[in-house]
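Structure first, then comments.
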Amino acid sequence: MRREIPIAICFLVGISFILEYFIPHEDVLSIFETIRQWAIIVIAFAYVLGIANLVRINSHVIQRKGRDWPYKIILVVSLFFMITVGIIFDIFGIRLGGIGEGTIFGWVYFHAQYPLQATMFSLLAFFIASAAFRAFRIRTFQASLLAVTAILVMIGRVPVGESLWADFPDFIEWIMNVPQLAGKRAIMIGAALGAISTALKVLTGLERTYLGGE
Amino acid sequence: MRKILEKLESLDRRIIFIFIGLSIAIPLLFPVYTDFSVTAPVEGFYDAIEELSPGSKVLVSCDYDPGSMPELFPMNVAVFHHLFSRGHKIIVMQLWATGTLLAERAMNEVLQEFPDKRYGEDYVNLGFKEGREVVMVSMGTSIPKTFPTDAQGTKLEEIPLMQGVTNFDDITILMNISGGLPGTKEWVLQVQSRYGVKLGSGCTAVSAPEFYPYVQSGQLVGLLGGMKGAAEYEKLVQRPGTAQRGMDAQSVSHIVVFLFILIGNIAYFSVKGKKKRLKVSR
């Protein structure tokens, strides 16, 4: 029964939410709206679970002085610092508490997280250029098609492309609206059919990997 | 010459990094502001707001983080500016925790140009809600139940702007600034297709091709793709910003990448030809 009950719950709830889409009656909608509010609360509690798990795992590494243990201390201290200034300070009305601009939380966000996260993302520009240099080699017909299209879109999507040829942007829009769109739509339809198939397998209990323990 | 080409074939990537760094930094510091035209998806986004009757309630979902800020923050600011300049009311929300302070900063930047706008009457920030698609669908039934209070803890029934706003039927149009998941695709799948609300999107350049089918089918009224889309939109609303400033850097860096691809292929074919000749001679 340990496996049958969760599968039965999954089936009943899943089928109900599918049927809800096709039954726009107010009383039916209000039942499922209540269930959705429960889901939002459960998802919010997942943050509590996530924090507890993070503290547990990193505490073990710190205790054993495992790999990168000083960084784990910084991680845990930063976590509780932000919770303290963002939530606890706000609850007790302490000055500069809360999460808006002008608070300690906001200051740390704009002076630590924002530059760090933007920098990490900015590194992509360099790695993409390096990867493009090595990967865009015209070895086959398909590779040449990819390279030529990529170069055309790269140049056509920036102002310098329009300076070279006034109709370049329109040509690129044609590439995006016709061949690119056709391929993308085909992939989306295929992916959607695959998702429907997987969902039906999960709902009917044929796919049980989400239960774990096998 | 051949030795040079052989060396180029296995060029140290640090040299590529230096060129990319310079090609971005120099134009950013000394912009030329090359002119450019506006594309149809951006025009669609702009026209959708222009066609709204004054005082329309517009929901703007700011779902991005500092990583995508260079592309999406200028769009966010331009959207707020456009809506306020046409006398519309803005309801801001976030489905990304990292988007809360960015949306607030964008609003504060625009409010400097519109000091007469009042919180609660002209704009409101509902804040961040975790739940992704569950939140989206839940708003379709009841926005006050999904967001009982705004970001500052004020009950929605006490906010004048939110009077009479029950669900998406009371929202004229929904604008989504999307950095990934949850984002535009989820808004199309869960909200636009189900509730029929008008939806416009601003997204990163890497995501934009994925949303062209939605523009063509009419599920999206318009699309701002990446920094170029933001720059085009800034041009339309006549508010030059960081996106337009970044266009020269983008132009030069794209040219540099193209030249590296060209050099790589020339070197590759040259080395390949030499290897073939050596093989034949043996």
Side-chain angles (χ1 to χ4, degrees), chain A residues 21 29-30 32-33 36-37 39-40 43-44 46-47 98-101 105-106 109-110 113-118 120-122 124-130 132-139 147 150-151 154-155 157-163 166 169-170 172-173 176-177 180-182 184-185 188, chain B residues 11 13 16-17 19-21 24 34-37 39-41 65-70 98 100-102 104-105 108 129-132 134-135 137-138 141-142 145-146 151-152 194 205 208-210 212-213 216 226 228 247-248 250-258 260-261 263-265 268-269:
Chain A
Y21 190 91
L29 290 177
S30 69
F32 287 98
E33 180 52 33
R36 270 190 283 272
Q37 295 303 321
I40 291 173
I43 291 166
Y47 276 95
I99 62 167
E101 269 205 281
F105 188 100
Y109 177 88
F110 281 112
Q113 182 173 357
Y114 161 39
L116 284 169
Q117 203 168 345
M120 292 306 295
F121 217 78
S122 302
L124 277 178
F126 299 92
F127 290 121
I128 282 171
S130 173
F133 173 75
R134 283 168 219 296
F136 281 128
R137 299 288 160 91
I138 304 176
R139 293 187 178 94
I151 289 166
M154 244 190 345
I155 304 299
R157 288 289 253 187
V158 290
V160 76
E162 197 170 343
S163 307
D170 294 333
I172 298 306
E173 281 300 306
M176 299 300 282
N177 278 311
Q180 188 277 139
L181 191 149
K184 187 64 79 174
R185 184 166 276 152
M188 282 164 68
Chain B
L11 186 68
R13 61 181 183 171
I16 301 173
F17 292 168
F19 274 91
I20 292 294
I24 291 170
T34 316
D35 198 19
F36 51 87
S37 59
T39 53
D65 63 3
S68 42
M69 198 172 160
T98 45
T100 49
L101 281 157
L102 296 175
E104 193 178 325
R105 180 165 274 198
N108 288 339
K129 181 72 72 173
E130 181 58 81
R132 302 183 173 189
V134 178
V135 173
V137 178
S138 182
T141 312
S142 173
K145 274 190 180 171
T146 313
Q152 296 167 3
R194 190 165 177 165
E210 190 181 352
Y212 268 77
Q216 200 225 32
K228 177 77 186 329
M247 281 293 96
D248 291 325
Q250 205 168 67
S251 290
V252 176
S253 60
H254 281 208
I255 298 284
V256 167
V257 171
F258 160 66
F260 273 117
I261 293 172
I263 291 166
N265 277 286
Y268 168 71
F269 280 109

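A, B, ... follow the sequence lines: proteins, then strands. Residue 1 opens every chain.
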>> Given heavy-atom pairs under 4.5 angstrom as the criterion, report whether the side chain, backbone, both or neither of F110(A) touches chain B.
In response: side chain
> About how many Å separate CD of Q37(A) and OG of S142(B), when rounded to the nearest 0.5 Å?
Replying inline: 7.5 Å
> Of the listed residues (F127(A), F133(A), F121(A)), which shares the most heavy-atom pairs with chain B below a 4.5 Å separation?
Replying inline: F133(A)
> Which pair of heavy atoms, one from R137(A) and one from N265(B), lies closest together, and at what distance?
Replying inline: CA-OD1, 3.3 Å
> When rounded to the nearest 0.5 angstrom, what distance separates CE in M154(A) from CD in Q250(B)?
Replying inline: 11.0 Å
>> Please rank G131(B), P41(B), G67(B) by heavy-atom pairs under 4.5 Å with chain A and give me the top one.
In response: G67(B)
> Mind checking whether F269(B) and I138(A) have side chains closer than 4.5 Å, heavy atoms only?
Replying inline: yes
> When rounded to the nearest 0.5 angstrom, what is the spacing between OH in Y268(B) and CZ in R134(A)?
Replying inline: 14.5 Å
>> Could you report the tightest heavy-atom contact between P159(A) and S251(B), atom names first, then the distance?
In response: CD-OG, 3.2 Å
> With a 4.5 angstrom heavy-atom cut-off, which part of Y109(A) approaches chain B: side chain, backbone, both or neither?
Replying inline: side chain
> Checking heavy atoms, do the side chain of I151(A), its backbone, both or neither come under 4.5 Å from chain B?
Replying inline: side chain
>> For Y212(B), is there any backbone N or O sitting under 3.5 Å from a side-chain donor or acceptor partner on N177(A)?
In response: no
>> Less than 4.5 Å to any heavy atom of chain A: does that hold for the side chain of R132(B), its backbone, both, or neither?
In response: neither
> When only pairs under 4.5 Å are counted, which of T100(B), V256(B), V257(B) shares the most heavy-atom pairs with chain A?
Replying inline: V257(B)
> Would you call F126(A) and R13(B) a side-chain contact if the rule is heavy atoms closer than 4.5 Å?
Replying inline: no
> For the candidates I261(B), N108(B), I20(B), which exhibits the highest count of non-hydrogen atom pairs separated by less than 4.5 Å from chain A?
Replying inline: I261(B)
> Which heavy atom in L101(B) sits nearest to a heavy atom in G106(A), and how many Å separate them?
Replying inline: CD1-CA, 4.0 Å
> Got T146(B) and I40(A) here, is their nearest side-chain heavy-atom distance under 4.5 Å?
Replying inline: yes
> Measuring heavy-atom distances to chain A, does K145(B) have an atom under 4.5 Å in its side chain, in its backbone, in both, or in neither?
Replying inline: both
> Where does M69(B) contact chain A at under 4.5 Å (heavy atoms): side chain, backbone, both or neither?
Replying inline: side chain
> Does the side chain to side chain donor-acceptor pair (under 3.5 Å) test come out yes or no for Y47(A) and E130(B), once each step is laid out?
Replying inline: CA-CA 10 Å; Y47(A) 276 95; E130(B) 181 58 81; 2.3 Å; yes
>> Need one label for S253(B): side chain, backbone, both or neither, based on atoms under 4.5 Å from any heavy atom in chain A.
In response: neither
>> For the backbone of S37(B) and the side chain of E162(A), can you confirm whether one donor and one acceptor N or O come within less than 3.5 Å of each other?
In response: yes
> Taking all non-hydrogen atoms of both residues, which atom of A129(A) and which atom of I16(B) are closest, and how far apart?
Replying inline: CB-CG2, 4.0 Å
> Relative to chain B, which segment of S130(A) carries a heavy atom at a distance below 4.5 Å: side chain, backbone, both, or neither?
Replying inline: both
>> Under 4.5 Å from any heavy atom of chain B, what part of M176(A) do you find: side chain, backbone, both or neither?
In response: both
>> Nearest 0.5 Å, please: how far is CD1 in I99(A) from CD in E104(B)?
In response: 8.0 Å
> For chain A, which of T98(B), I263(B), V135(B), I24(B) has the most heavy-atom pairs under 4.5 Å?
Replying inline: T98(B)
>> Give me the atom names and distance for the closest heavy-atom approach of S138(B) to E33(A).
In response: OG-OE2, 2.6 Å
> Is chain A contacted by the side chain of V137(B), its backbone, both, or neither, given a heavy-atom distance below 4.5 Å?
Replying inline: both
> Considering only heavy atoms from C-beta outward, does the side chain of L181(A) approach that of Q216(B) to under 4.5 Å?
Replying inline: yes
> What part of E101(A) gets closer than 4.5 Å to chain B, counting heavy atoms only: side chain, backbone, both or neither?
Replying inline: both
> Can you check whether F32(A) reaches T141(B) side chain to side chain, under 4.5 Å on heavy atoms?
Replying inline: no
> With respect to chain A, which residue among Q152(B), R194(B), K228(B) yields the maximal number of heavy-atom pairs within a distance under 4.5 Å?
Replying inline: R194(B)
> Under a 4.5 Å heavy-atom cut-off, does chain A meet the side chain of D35(B), its backbone, both or neither?
Replying inline: backbone
> Taking atom CD of E210(B) and atom CZ of R185(A), what is their separation to the nearest 0.5 Å?
Replying inline: 13.0 Å
> Does CE belonging to M120(A) count more than 12 external heavy atoms closer than 6.0 Å?
Replying inline: no
